[in-house]
There are 2 protein chains.
Amino acid sequence: MELQVAKDKFIHTWGTLATQWGINRTMSQIHALLLLSPKSLNADEIMEDLRISRGNVNMNLRDLMSWGLIYKQLLPGERKEYFMAEKDIWKVARQIAKERRRREIEPIIETIEDIKKSVVPDTVEKTEFLKIVGDIGVVAGFADNTIESVLKSEESWLITNFLKLFSR
Amino acid sequence: MELQVAKDKFIHTWGTLATQWGINRTMSQIHALLLLSPKSLNADEIMEDLRISRGNVNMNLRDLMSWGLIYKQLLPGERKEYFMAEKDIWKVARQIAKERRRREIEPIIETIEDIKKSVVPDTVEKTEFLKIVGDIGVVAGFADNTIESVLKSEESWLITNFLKLFSR
DNA sequence: TTGAATTTTCAAAATATTCTGAAAGTTTTT
DNA sequence: AAAAACTTTCAGAATATTTTGAAAATTCAA
């Protein structure tokens, strides 16, 4: 069936792209699978669909939850846990931006603060060193602010809904 | 010497951080070393400083050049090639943003275009599939535009110089 | 030219990451 | 309280990435 082929292609490509930017392939394949699935899926279904082990599914589902990209769903009368992806792609994008900010930018800012505290600018060399390190700190701060302000404007009701018009 | 300790710490930490976001550790260590070095360095000096092999140095220097983060310098009377980092951190940040845009966002947009072309929305399922894929495309496009406009405003003379005031 | 100095390449080794699967842990049902 | 249904953990295996180092290629000086 043509649709299944396209879905598989999407899931596969998505996984490959993810590795390019430091994200686990299986994690993004599971995410893609859940994004495309009209109903929520349990661990066995994911195992079967992507042909991966139970342990692998379990680990990556937990990672995806920690990124805020999927939710656990407890269906009445069912023992198994079901998972569904956040389908509002704007929410997904915001979530990813927030996490990357937290994981990539914040540690830079911290490291730089530490270094600034530990070196006293009492020679030319030290002053120059602090200048470069400080510059990097300023740029990291700028990136941090930029992401924050984009997130804020994105989050505001008006903009969110205006942009959503294009995604229907 | 206190300064050397701080430099080493910075180089080491920078390398570790980089691995977290999908960039080769050695590559970012070499970059950090060159950023902190007042004079340009040749391959032997980098080998000795970071205790890594010639091949590794060579590969990563070429990668750094392809990212536009370092330059080759030919010193008169010297056979060896010397390398220096772009010291204007704003330029560095723009360069990184551009490259990441090219390597991370553009492939997403391409993949999505392909899929959209290959699936005809003649059933509910296909329409839903195309809706999700299309949404992702819209978000990727939004990210692309956002980065572009930040880069543009950053690049404009006024802003660049205004922000530079803070980094002196 | 020749050959010394330097850079580049790439197969194999080292290292790091991801994945498996069975055992241990937990929750629910009987 | 025992068993069944399910989830989590984690040591070892599989896979992927990075690094080495010596050989090949290139560049330059004489």
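Please read these numbers as outputs of a predicted model, since none were measured by experiment. Each chain gets a letter, A, B and so on, in the order its sequence line appears, and its residues count up from 1. Below, all heavy atoms of this structure are taken into account, side chains as well, without hydrogens, waters or symmetry copies.
Note on B:K131 versus B:E128: no salt bridge recorded, every NZ/NE/NH1/NH2 to OD/OE distance being 4.0 Å or above. Taking the charged nitrogens against the carboxylate oxygens, A:D44 and A:R54 do have a contact shorter than 4.0 Å, which makes a salt bridge.
Within the structure, every side-chain polar atom (N or O) of B:N58 is placed at least 4.0 Å from both OP1 and OP2 of D:dT20. Regarding contacts with the backbone of C:dC19, a side-chain N or O of A:T26 is found under 4.0 angstrom from either OP1 or OP2.
When distances are taken from the side chain of A:E81 to each of C:dG21, C:dT7, D:dT8, the shortest belongs to D:dT8. Side-chain proximity of A:N56 to the nucleotides D:dG21, D:dT8, C:dC19 is greatest for C:dC19. Relative to the side chain of B:R62, the nucleotides D:dT19, C:dC19, C:dT9 differ in distance, and C:dT9 lies closest.
Taking atom NZ of B:K72 as the reference point, atom C1' of D:dT26 lies 12 Å away to the nearest angstrom. Between the P atom of D:dA22 and the CE atom of B:M59 lies a distance of 18 Å, rounded to the nearest Å. Distance B:E48 CD to D:dT20 P: 15 Å, rounded to the nearest Å. As a whole-Å value, the separation of B:I46 CD1 from C:dT6 P is 15 Å. Rounded to an integer number of Å, the gap from A:L74 CG to D:dC6 C1' is 12 Å. What separates CG of A:N60 from C1' of D:dT7 is a distance of 15 Å, to the nearest Å. A:M47 has its CE atom 14 Å from the P atom of D:dT8, to the nearest Å. When the P atom of C:dT6 is taken as reference, atom CG of B:D44 falls 8 Å away, rounded to whole Å.
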Donor-acceptor contacts, no H, no angles, side chain residues 9-16 of chain B, under 3.5 Å, sequence neighbours left out:
{"unit_1": "B:T13", "atom_1": "OG1", "unit_2": "B:K9", "atom_2": "O", "d": "2.6"}
{"unit_1": "B:T16", "atom_1": "OG1", "unit_2": "B:H12", "atom_2": "O", "d": "3.1"}

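Position along DNA chain D of the nearest nucleotide to A:A43 versus B:I52 favours A:A43 as the more 5'-ward residue. In terms of position on DNA chain D, the residue among A:R54 and A:R25 whose nearest nucleotide sits closer to the 5' end is A:R54.
Panel note: side chain B:E86, backbone B:D88; a donor-acceptor pair is recorded below 3.5 Å.
Under the 4.5 Å side-chain criterion, counting only non-hydrogen atoms from C-beta, A:H31 is in contact with A:V92.
You'll find a donor-acceptor pair under 3.5 Å spanning the side chain of B:R79 and the base of D:dT27, going by distance alone.
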